[in-house]
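A short worksheet on the structure shown next.
Computed from a predicted structure; not experimentally measured.
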Amino acid sequence: MEHVIDGCRVQLAHLNKCSLMKTIFFGRSNHKNFYKNIKTKENGELEEWPEGFFDQKRQDLKELLEMRKCVK
């Protein structure tokens, strides 16, 4: 999913239309669901990174590194 959002950010930045992008982050905290609208700056950067947003890649890489240590 991250690569889809990143691709949209890049393309809209090239077209100078980042204001058209809508990114909604869904999460859970204290046993409650929530959502957060994340705006995109004109250069394609996201205005904020809520905790847990785009963390899956980092978590997966960490797990793979840990598995590599066990194989050696």
Side-chain angles (χ1 to χ4, degrees):
M1 182 60 78
E2 297 169 12
H3 65 282
V4 173
I5 293 173
D6 287 341
C8 291
R9 292 168 52 205
V10 169
Q11 187 61 35
L12 289 171
H14 282 297
L15 298 172
N16 294 316
K17 296 187 181 245
C18 288
S19 62
L20 298 176
M21 185 165 175
K22 305 292 182 210
T23 304
I24 303 172
F25 171 69
F26 294 90
R28 186 166 176 83
S29 179
N30 298 323
H31 305 290
K32 294 182 181 179
N33 296 322
F34 68 91
Y35 72 92
K36 184 154 194 73
N37 291 308
I38 303 172
K39 293 182 181 180
T40 306
K41 298 177 185 179
E42 286 305 313
N43 63 359
E45 292 182 29
L46 299 176
E47 285 192 352
E48 60 183 300
W49 294 80
E51 186 175 332
F53 186 64
F54 277 18
D55 282 353
Q56 191 60 50
K57 186 175 186 177
R58 182 182 55 80
Q59 292 169 3
D60 291 345
L61 289 173
K62 181 179 177 183
E63 185 175 343
L64 287 168
L65 287 172
E66 290 299 320
M67 290 186 333
R68 179 185 282 175
K69 288 179 187 177
C70 292
V71 172
K72 291 183 178 184

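By the rule that hydrophobic residues join a cluster once side-chain heavy atoms approach within less than 4.5 Å of another member, Trp49 and Ile38 end up as members of one cluster.
Note that NE2 of His31 is 11.5 Å distant from CG of Asn33, once rounded to the nearest 0.5 Å. The CD atom of Glu42 sits 9.5 Å away from the CG atom of Leu12 when rounded to the nearest 0.5 Å. The structure places CG of Leu46 at 13.0 Å from NZ of Lys39, a figure rounded to the nearest 0.5 Å. Going from atom CD of Glu66 over to atom CG of Leu64 covers 10.5 Å, rounded to the nearest 0.5 Å. Rounding to the nearest 0.5 Å gives a distance of 11.0 Å between CG of Asn37 and CD of Glu47. Between Lys41 atom NZ and Met21 atom CE the span is 14.0 Å, to the nearest 0.5 Å.
Of all heavy-atom pairs between Cys18 and Arg9, the closest is SG-O, 4.4 Å. Scanning both residues, Lys22 and Ser19, for their nearest heavy atoms gives NZ-O, 3.9 Å.
Phe26 belongs to a hydrophobic cluster whose other members, connected by ILVMFWY side-chain contacts under 4.5 Å either directly or through intermediates, are Ile24, Tyr35.
Not counting sequence neighbours, the partners of Asn43 by the side chain to side chain donor-acceptor pair (under 3.5 Å) test are Glu45.
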Could you give me the CA-CA distance, side-chain angles and deciding distance for Leu65 and Arg68, then say whether side-chain contact (heavy atoms from CB on, under 4.5 Å) is met? CA-CA 5 Å; Leu65 287 172; Arg68 179 185 282 175; 4.3 Å; yes
